[in-house]
Each structure stands twice: as C-alpha cells, then as structure tokens.
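The next block holds one structure in the form of structure tokens; read it before the comments.
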Amino acid sequence: MSKRREIWLIVLLGTLSAFGPLSMDMYLPSLPELQQQLHTTTSLTQLSITTCLIGLAIGQIFIGPYSDKVGRKKPTLMGLIFFTLASLLASLATNIWWLIILRFIQGLAGSAGLVTSRAIASDLFSGKKLTKFYALLMAVNGIFPVIAPIIGGFVLTFTNWRGIFYILTAIGIGLFFLVLFGLQETLPAPTANEQTKTGLVLKQLLHDKIFMGYTLVNGLVSGGLFAYISGSSFMLQNIFGLSSQGFSLLYALNGLGIVVMSQLAGSLATRYDERHVLKGGVLVALLGAILLFITLFLPHHLSYVVAPLFLIVSMVGIVSTVASSLAMQHEKKNSGSASAVLGLSQNLIGGLLSPFVGIMGRDTYLPMAALILMCEVAALMTYQLTIGKTDHPTTK
C-alpha cells in the first residue's frame with residue numbers, strides 16, 4: 001500500500017470511527033440551553049446522550065457480523081444514509097421524547113462507521129503495525145473531541161441547539177460521497193462455509209477469556225469517559241461557572257490528551273510488551289479517578305479538577321488503542337464480529353452509566369466522580385483476572 005493511500009485511509013477511517021464524538025461532543029455545550037427550551041429535566045436531557053450510546057452499541061452487534069458476510073462498504077453507506085436522515089429530523093424535534101427516539105436512531109446508524117473502520121484496519125494490517133495504525137486512527141478520532149465542542153460552542157453564539165444537528169446532517173452527506181467514491185472493499189468474498197459459521201462467532205467471542213478481557217478493560221475505561229461526557233457540561237458550567245465557550249475549550253484540551261496519548265501508545269507498543277502499556281494506561285486513569293473523587297471534599301475550585309479530568313480522559317488514548325489492537329489481533333479471522341463486540345462494550349457500558357450521572361441534580365458531580373472511580377477500579381481488576389496472569393500468544 002502506498003503512503004498516500006495509507007494517509008487517505010487514516011483520515012477517512014478515523015472520521016468514520018468518530019461518530020461517537022461527532023454525535024455527542026458537538027452537542028454537549030447546548031445541553032443546558034436544550035433543557036430550558038424543551039422544558040425538561042437534567043436526567044431526560046442526559047437520556048438523549050444515553051439513547052445515542054445504546055444505539056451505537058446495539059447497532060454494532062448486528063452490523064459487525066453483517067459486514068463479515070457482505071463486506072465493509074455496503075453497511076457503511078447504509079449507516080450514513082440513516083445517520084443523515086436522523087440528524088435532519090432531530091433538528092426539527094419539538095419535545096424531548098422525539099429527540100430521544102431520534103438520537104437512538106442516530107446512534108444505530110452511526111454505529112456502522114465505528115464497527116467497519118476497525119474491521120477494515122484489521123483486514124489490512126496485523127501485529128504491532130495494526131497497533132500503530134490504530135494509534136493513528138485514534139489521533140484522527142481524537143481531533144473531533146477537540147474541535148467538536150468548540151464548533152458546538154461557536155454555533156451557539158449564532159443559533160440554538162438545532163443548528164448543531166444541521167451541521168451533523170451536512171457531515172453525514174459529505175461522508176456518504178467520500179465513502180462511495182473513495183473507499184475500496186477490503187474483505188475477500190467469504191466461502192459458503194464461512195457464511196454459515198458466522199452465526200456462531202458471537203457466542204465464541206463471548207466465551208473467549210482473553211478477547212473479553214481486552215474488551216471489558218476497554219469498555220470500562222470508556223465507560224468512565226462517557227460518565228465524564230454526560231456530566232462534564234453541567235459540572236463545569238453550573239458548579240464551576242464556566243461559559244459554554246470556556247467549557248468547550250477545557251473539553252477540547254482533554255480531547256487533545258487522547259490524541260497525544262494514542263500516539264504515545266503507538267510508540268511504546270514498538271518497544272515494550274503491549275499488555276504492560278495497556279496496564280500502565282489503566283493505572284494512570286485510576287489515579288485520575290481517585291484524585292477527582294478527593295476533590296469532592298475540597299473547596300470547589302476549577303484548578304483542583306483540571307488535572308484529574310485530563311488523566312481520566314487522555315488515558316483513553318492509550319487504553320483504547322492498545323486494547324482494541326490486541327483484541328482484534330486475537331480474533332483476526334472474525335474482525336467484523338470482534339469489532340462489534342468491542343464497540344458494544346464501550347457504548348453499552350457508557351449508555352447504562354450516563355443516566356445516573358445526573359441522578360442527584362445539576363449542582364453536584366458526586367455521581368459522576370463515583371461512577372468514573374468504579375469503572376477504573378473494575379478495569380484494573382478485569383485486567384488482573386483475565387490478562388495479567390496469562391502467558392498467551394497475541395493472535396490465533
């Protein structure tokens with residue numbers, strides 16, 4: 001593969017894998033305004049994030065195995081069509097329940113980009129080269145948490161939250177044509193035997209201790225990230241007094257940490273055992289969670305929470321890069337289905353946690369801090385029980 005082609009793939013696949021940030025991070029600065037305009041509660045407003053996450057999770061579990069049968073391009077194009085339509089209709093929503101339903105559909109459709117981008121990378125690369133490619137994907141993906149809330153905050157200075165969904169509609173249209181004309185199919189035609197086998201793959205994956213170890217570590221650390229995503233706008237704007245633009249800038253700084261750490265992960269993976277790099281990322285994320293929890297008992301001051309939040313968010317760059325690569329290497333023959341289970345764990349855990357972030361109202365971040373701490377502790381325990389004591393080959 002030429003260097004030019006590889007760069008194009010990194011940009012395109014990184015953008016496709018960024019449907020989560022595109023669907024949520026641009027939307028976050030508008031949550032307090034949306035709550036007021038639709039005359040709803042904090043929890044119901046955050047439920048619009050939850051349903052999108054659940055849609056992202058559920059969609060992948062169907063699209064992954066489907067892409068193992070028909071290829072990667074067709075499901076991606078279908079997902080982009082429905083994502084665009086759901087985004088347009090969401091901009092016209094007049095009550096919170098319609099918006100919640102449309103956000104679920106938006107998540108279902110957007111899941112195609114997440115699952116096929118990982119599978120395409122696995123089709124083309126293997127071993128530590130796959131880890132380095134995932135690191136580059138995460139760098140592109142990580143740009144969107146940096147720029148999406150800034151764009152969202154900027155849009156809110158000219159219009160209301162509906163304008164954000166107009167932008168998502170335009171992004172969906174643009175990506176459809178880029179995939180249609182710029183992405184080649186990467187999956188060889190499966191044999192009849194492989195087609196009949198596909199129905200058993202998900203069951204086999206769920207019973208694979210090593211694969212599920214990587215998957216759950218990745219999912220739990222991502223769960224902490226999604227708890228932060230759901231609660232950070234209320235925490236930083238209501239409790240610490242940041243404007244929507246100030247929140248966007250701080251949120252972008254944390255997103256930039258994902259970009260930097262994903263590149264560090266790719267570099268470290270070439271010199272050290274990738275499992276040790278993964279464990280290091282989990283430990284640093286746990287440190288950030290402990291520090292954030294301690295700030296609950298200190299006077300409310302923005303400087304106390306900036307560093308813990310940065311550690312929690314940025315370590316997703318290391319953990320997601322390495323855990324995803326090791327999991328996909330371990331299940332090389334079923335990359336679409338493996339990608340689906342990886343995505344399911346990330347978005348389902350995050351989706352289940354998000355409603356509880358606002359359970360005590362908008363004037364405390366205790367639930368958010370507690371949930372993040374629980375996720376990081378569980379991630380370390382999962383690593384120790386499934387990966388840490390195991391001496392195994394990376395691939396099958």
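Counting begins at 1 with the first residue of the sequence.
- With hydrogens and angles ignored, the 3.5 Å screen pairs no side-chain donor or acceptor of Q237 with any backbone N or O of F247.
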Go through it in stages, so that I can follow the logic: the residues are V316 and Y228, the test is side chain to side chain contact (heavy atoms under 4.5 Å, CB included), and I'd like the CA-CA distance, side-chain angles, deciding distance and then a yes or no. CA-CA 12 Å; V316 174; Y228 158 79; over 6 Å; no

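- For F104, there are no ring-ring contact (aromatic ring centres under 6.0 Å, His included) partners at least two apart in sequence or on another chain.
- For K74, the NZ atom is loosely surrounded, since the number of other residues' heavy atoms within 6.0 Å does not exceed 12.
- In this structure, M212 and L205 approach most closely via the heavy-atom pair CG-O, 3.3 Å.
- Inspection of the T116 and T76 side chains reveals an N or O donor paired with an N or O acceptor under 3.5 Å.
- Side-chain contact of R162 with Q37: a donor-acceptor pair under 3.5 Å is absent, judged by distance alone.
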What verdict does the side chain to side chain contact (heavy atoms under 4.5 Å, CB included) test give for Q106 and S87, after you've listed the backbone C-alpha separation in whole Å, the side-chain angles of each residue and the deciding distance to 0.1 Å? CA-CA 7 Å; Q106 194 180 44; S87 299; 2.8 Å; yes

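- Listed by chain and number, the residues in a side chain to side chain donor-acceptor pair (under 3.5 Å) with S117 amount to none (sequence neighbours excluded).
- Of the inter-residue distances, the one linking L278 atom CG with I318 atom CD1 reads 9.5 Å to the nearest 0.5 angstrom.
- Relative orientation of the Y365 and H300 rings is tilted, given thresholds of 30° and 60° on the angle between their planes.
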Between L342 and Y214, is the side chain to side chain contact (heavy atoms under 4.5 Å, CB included) condition met? List the steps. CA-CA 9 Å; L342 269 170; Y214 293 130; 5.7 Å; no

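- Interatomic distance, I105 CD1 to L85 CG, rounded to the nearest 0.5 Å: 10.0 Å.
- Contact check for L216 versus T386: no side-chain heavy atoms found under the 4.5 Å cut-off.
- A distance-only check finds no donor-acceptor pair linking the side chain of E331 to the backbone of A327 [under 3.5 Å].
- A donor-acceptor pair under 3.5 Å is absent between the side-chain atoms of T159 and the main chain of V155, judged by distance alone.
- Every residue two or more places apart in sequence or in another chain that forms a ring-ring contact (aromatic ring centres under 6.0 Å, His included) with F297 is listed here: F293.
- In this structure F211 satisfies the ring-ring contact (aromatic ring centres under 6.0 Å, His included) test with no other residue, sequence neighbours excluded.
- Separation of atoms CG (L286) and SG (C375) is listed at 11.5 Å; rounding is to 0.5 Å.
- Annotation for K73: atom NZ counts as buried by contact number, over 12 foreign heavy atoms lying within 6.0 Å.
- A donor-acceptor distance shorter than 3.5 angstrom exists from the side chain of S91 to the backbone of L88, with no hydrogens or angles considered.
- Side-chain N/O atoms of Q60 and S339 include no donor and acceptor closer than 3.5 Å.
- Considering CD of E376 and CG of L292, their distance stands at 10.5 Å, rounded to 0.5 Å.
- Looking only at atom types and distance, the side chain of S267 has a donor-acceptor partner in the side chain of R271 under 3.5 Å away.
- When atom types are taken as modelled, the side chain of R103 and the backbone of A86 share no donor-acceptor pair closer than 3.5 angstrom.
- Side-chain contact between L99 and I96 is present, with at least one heavy-atom pair separated by less than 4.5 Å.
- No donor-acceptor distance shorter than 3.5 angstrom exists from the side chain of T295 to the backbone of Y304, with no hydrogens or angles considered.
- With a 6.0 Å radius and a threshold of 12 heavy atoms from other residues, nucleotides or ligands, W98 has its CH2 atom at or below the threshold.
- Here the shortest heavy-atom pairing between G64 and A340 reads CA-CB, 3.8 Å.
- Separating the OH atom in Y166 from the CD1 atom in I171 is a distance of 15.0 Å, to the nearest 0.5 Å.
- In terms of heavy-atom proximity, P367 sits nearest to V357 at CB-O, 3.5 Å.
- E185 places a side-chain N or O within donor-acceptor distance of the main-chain N or O of R72, the cut-off being under 3.5 Å.
- Within the 4.5 Å cutoff, side-chain heavy atoms of I49 are placed close to those of L31.
- Other residues, nucleotides and ligands place no more than 12 heavy atoms under 6.0 Å from the CZ atom of F82.
- Side-chain N or O atoms of S325 include none that pairs as donor or acceptor with a backbone N or O of T321 at under 3.5 Å.
- Closest heavy-atom contact between L309 and M235: CD1-CE, 4.1 Å.
- With respect to T382, the side-chain contact (heavy atoms from CB on, under 4.5 Å) criterion is satisfied by exactly one of N218, V217, I387: V217.
- The side-chain heavy atoms of V70 and P75, taken from C-beta on, include a pair separated by under 4.5 Å.
- Evaluation of the ring-ring contact (aromatic ring centres under 6.0 Å, His included) rule for H39 yields no partner, not counting sequence neighbours.
- Of the inter-residue distances, the one linking L236 atom CG with L242 atom CG reads 5.5 Å to the nearest 0.5 angstrom.
- No more than 12 heavy atoms of other residues, nucleotides or ligands lie within 6.0 Å of CZ in F62, so this atom counts as exposed by the packing criterion.
- Between A265 and G317, the shortest heavy-atom distance links the atoms CB-O, 4.3 Å.
- Taking each heavy atom of L56 and S111 in turn, the nearest pair found is O-CB, 3.2 Å.
- With contacts defined as side-chain heavy-atom distances shorter than 4.5 Å, the pair L302/L250 qualifies.
- Looking at residues two or more places apart in sequence or on another chain, you find a side-chain contact (heavy atoms from CB on, under 4.5 Å) between F356 and I359, L371.
- Between F177 and F181, the two ring planes are parallel [angle under 30°; tilted spans 30° to 60°].
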